[in-house]
Amino acid sequence: MSDSIDANVISALFTGQLFDPFSVLGMHSTGAGLEVRALFPDATEVWVIDAKTTRKVTRLACSDSRGFFSGLLPRRKKPFRYQLLVSWHEQQQLLDDPYRFAPLLQELDSWLLSEGTHLRPYEKLGAHQDTLDGVVGTRFSVWAPNARRVSVVGQFNCWDGRRHPMRLRQESGIWELFIPGTLYGQLYKFELIDAHDNLRVKADPYAFEAQMRPESASLICGLPDKVEQPLARKQANQFDAPISIYEVHLGSWRRNPENNDWLSYRDLANQLVPYAKEMGFTHLELMPIGEYPFDGSWGYQPTGLYAPTRRYGTREDFRYFLDAVHAAGLNVILDWVPGHFPTDDFALASFDGTSLYEHSDPREGFHQDWSTLIYNYGRREVSNFLVGNALYWIERFGIDALRVDAVTSMIFRDYSRKEGEWIANQHGGRENLEAIEFLRNTNRVLGEQTPGAVTMAEESSDFGGVSRPAQTGGLGFWFKWNLGWMHDTLDYMALSPEHRGEHHDKMTFGMLYHYNENFVLPLSHDEVVHGKKSILNRMPGDTWQKFATLRAYYGWMFAFPGKKLLFMGNEFAQGCEWNHDFSLDWSLLEGEDNWHHGVQRMVRDLNHAYRHHRALHELDFDPYGFEWLVVDDRQQSVFVFVRRDKAGNEIIVASNFTPQPREGYRFGINQPGCWREILNTDSQHYHGSNMGNSGKVESSPIASHDREHSVCLTLPPLATIWLIREPED
């Protein structure tokens, strides 16, 4: 054994008690000359090679049968570049020694990562191909401050955790190692001896690609190039823009009819994208894309926040899909899940043997509804991991907006918990102050770093100012899903027409709080699962009434203030609940023209009209953009309102939510003249009864509803009509 290294130190290296293997391994200057020490379990012979001359310098002796080799170069005093020629039972490898390279993480990066203010932690943590001292390899870094040893294992070292122990940077809790010769596409994980001496094998939290379930290894790959958001896509996200969102689960929008296999990202680029464009949608919302182990979670229990799922292809295939979406003139919204993560042992749970990413107390750290773990937002490195991830999707993939899932569960400590099952905050309240600060910080960072990209909150409580600036006590989101509007209006539409008058306020109540937030009106995936029925089958009555009511509801929705969202299948009145294991029921559109074709054509026309007429979107969040004309006709279940653009141009929207036609229905208007019917959900074109007003109606100087002029209309049964004033000659 070398007399310059103690046997106890060698044992500490093997048993995981040595935080800095570089203090032992590699080339070291001693009083007797240079000494080279290497760790090669199961190797039979190791030679030091002078990299400049390619000559053998010395053979290292096996100083410990577990695979510790060392040798003295008494005539060499000055360190030089060397390689190691290793024999493995009649096979030889010429390797660069990972333990001859200097520390990787720069002091500033280490400081910012520990402080939780590194804007792009993914540029430093994880696996990154690099060239150091002319040697090509991969920099590996992982945060595991309580682990006793961390090694990189992978295809390049036979998954042997003894081979590549990492160096601990004690000031940050980050372990690092540069491994020469590793290649793109090779699989890897981190093997840890955790805080309790248990052996764990973990996927990389910052992996840019990962295997699909049931496998769980990470892949070495490059960091995607940055994607600039052009001006047109920035403008498409603005408050005065028409925003009509098509929400999609990529695995079940359409499947291969021969074997029920998923379509690939490239298949979806060729099929989904042109369909969404032809239907007139402005935005495509993707349910979560980060890699996840359980299909039935729909992506809402992610284990690879930085890795697009390989269910539908590679990361480059996903980039191809996104390019196709953008080339078609649509923006992309990504469903983002920073609220919780699953308990799978290969992922974040108890990462280094401690509750590192989650809270240790289940009253804070365990989500009872979903059996998942809740992030500890108060830990700087955790919030940094998540904020960096939000920025990563926008900067590196060109995502135009993030829809943040389950915000209510994040901001309230007592969410879905009984008394005694939660812990109050430092002031004795129920708000999760750390989560609130995390959300504000995320929105602030995105606003500063990626102007034009926006965020949308799925938030169901009465928390004030979700879409208001943090300076005024808000959370800083750009938009909020209006779940109250969704519940109220769907409840109303599900009533038999004779009972709707008793619940008239369900359709009007939304305007009492509409200007408190910047709202999106969502008919999302959550409304067509778990026994809730499809949107179509919530409508009462026979087939004719169901379809007529649905068409009338859509006509109301697309004219009501707020941005729009339809889940896939809603646009052609899918009859069954959504099932993620199968394609949408596209067979409903096969054969002769039918009810479903009618709804599909109407949604397309709604989208195009909504986008064309500024009055329907320009002042969504300005009281000048909306006015009730008839708000109190409970007896007949009629509603009439005006939408208005900045120039004062008006569109009248009238809905009759009973199956009785309302002939000679008079109401007051603001602008006298000839009003042309631009949409009638009862049109024969949509498989309605084709009742209407012969395309137009002239106003009369007859006072009504406190206005000097009025129009007298025929309101079709279970229908919504839109009217626009024709310009005067």
Side-chain angles (χ1 to χ4, degrees), residues 20-22 25-26 38-41 51 81-84 86 93-106 109-110 113 118 120-144 147 149-169 172-192 201-211 215-225 291 304-308 310 314-316 346 351 385 388-389 392 396:
D20 184 11
F22 285 77
L25 301 174
L39 194 64
F40 288 109
R81 181 175 170 182
Y82 66 96
Q83 294 176 296
L84 299 172
V86 185
Q93 281 182 292
L94 185 62
L95 304 172
D96 284 278
D97 187 358
Y99 299 98
R100 73 174 184 82
F101 295 95
L104 305 177
L105 199 62
Q106 300 301 307
D109 290 314
S110 181
L113 288 168
H118 200 297
R120 298 168 181 86
Y122 57 84
E123 292 183 352
K124 302 302 175 183
L125 294 168
H128 297 267
Q129 283 245 309
D130 206 345
T131 301
L132 301 183
D133 194 21
V135 177
V136 176
T138 304
R139 292 183 286 110
F140 294 93
S141 302
V142 63
W143 179 58
R149 189 200 76 193
V150 182
S151 298
V152 185
V153 295
Q155 291 178 315
F156 40 82
N157 64 9
C158 303
W159 301 93
D160 187 343
R162 301 171 297 174
R163 293 269 300 276
H164 288 117
M166 306 174 79
R167 170 200 283 126
L168 174 64
R169 302 292 295 272
S172 63
I174 292 171
W175 300 77
E176 62 178 16
L177 186 67
F178 176 73
I179 302 182
T182 46
L183 305 172
Y184 281 142
Q186 287 184 315
L187 301 176
Y188 71 96
K189 284 190 175 186
F190 295 112
E191 182 184 282
L192 295 80
V201 182
K202 294 285 189 176
D204 183 358
Y206 284 90
F208 302 137
E209 278 201 84
Q211 286 183 301
E215 305 301 330
S216 58
S218 307
L219 281 77
I220 299 173
C221 60
L223 188 61
D225 294 333
E291 194 58 81
L305 276 185
Y306 285 82
R310 291 179 69 91
T314 66
R315 184 184 66 178
E316 293 310 310
F346 71 85
F351 193 82
F385 167 73
N389 185 248
Y392 167 81
R396 298 289 176 168

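What you see is a predicted model; the values in this text were computed from it and never measured.
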Over all atoms of both residues, closest heavy-atom pair of Leu104 and Leu177
CD1-C, 3.7 Å
Supply the atom-to-atom distance Asp109 CG to Arg120 CZ, rounded to the nearest 0.5 angstrom.
12.0 Å
Tyr306 backbone acceptor or donor facing Tyr122 side chain under 3.5 Å:
no
Could you check if a side-chain atom of Pro165 sits within less than 4.5 angstrom of a side-chain atom of Tyr99, using non-hydrogen atoms only?
yes
Please report the closest heavy-atom contact between Arg81 and Asp133, naming both atoms and the distance.
NH1-O, 3.3 Å
Quick one, Trp143 and Leu113 - any side-chain contact, counting heavy atoms below 4.5 Å?
no
Contacts of type ring pair (Phe, Tyr, Trp, His ring centres under 6.0 Å), residue Phe178, not counting sequence neighbours:
Phe101
Is there a side-chain contact between Ile179 and Tyr188 (heavy atoms, below 4.5 Å)?
no
Any non-hydrogen side-chain atom of Arg149 less than 4.5 Å from a side-chain atom of Glu191?
yes
So, for Asp204 and Ala127, which heavy atoms are closest and what is the spacing to 0.1 Å?
OD2-N, 3.6 Å
Using modelled atom types and a 3.5 Å cut-off, is there a donor and acceptor pairing between side-chain atoms of Arg169 and backbone atoms of Ser110?
no
Find out whether Phe190 and Met166 are in side-chain contact, i.e. whether some heavy atom of one side chain is under 4.5 Å from a heavy atom of the other.
yes
Heavy-atom pair with the smallest gap, counting every atom of Glu123 and Leu223
CG-CD2, 3.9 Å
From Phe22 atom CZ to Arg167 atom CZ, the distance as rounded to the nearest 0.5 Å
4.0 Å
If we only count heavy atoms from C-beta on, is the Tyr392 to Pro224 side-chain gap below 4.5 Å?
yes
Could you tell me whether the side chain of Asp160 and the main chain of Arg162 form a donor-acceptor pair under 3.5 Å?
yes
Tyr82: which residues meet the side chain to side chain donor-acceptor pair (under 3.5 Å) condition with it, sequence neighbours left out?
Asp97
Minimum heavy-atom separation for Ser216 and Phe346, please, with both atom names.
CB-CD1, 3.4 Å
Verify, without hydrogens or angle tests, whether His128 (side chain) and Leu125 (backbone) share a donor-acceptor contact under 3.5 angstrom.
yes
Pick out which of Glu291, Glu209, Glu215 makes a side-chain hydrogen bond (donor to acceptor under 3.5 Å, both in side chains) with Arg310.
Glu209
How long is the span from the CZ atom in Phe140 to the CD1 atom in Ile220, to the nearest 0.5 Å?
4.0 Å
Measuring from atom CD of Gln93 to atom CG of Leu84, what distance do you get when rounded to the nearest 0.5 angstrom?
11.0 Å
Is any side-chain N of the basic residue among Lys124 and Glu176 closer than 4.0 Å to the acidic one's carboxylate O?
no
Quick one: are Arg315 and Leu219 in side-chain contact, heavy atoms under 4.5 Å?
no
Smallest heavy-atom separation, Lys202 atom then Leu192 atom, equals CG-CD1, 3.8 Å
For Thr138, is there any backbone N or O sitting under 3.5 Å from a side-chain donor or acceptor partner on Thr182?
yes
Kindly say whether Ala207 contributes a backbone atom to a donor-acceptor pair with the side chain of Ser218 at under 3.5 angstrom?
no
Validation row: Trp159, Leu187 side chains within 4.5 angstrom (heavy atoms):
yes
Quick one: does Gln129's side chain have a donor or acceptor within less than 3.5 Å of a partner on Gly222's backbone?
no
When rounded to the nearest 0.5 angstrom, what is the spacing between CZ in Arg139 and CG in Asp130?
4.5 Å
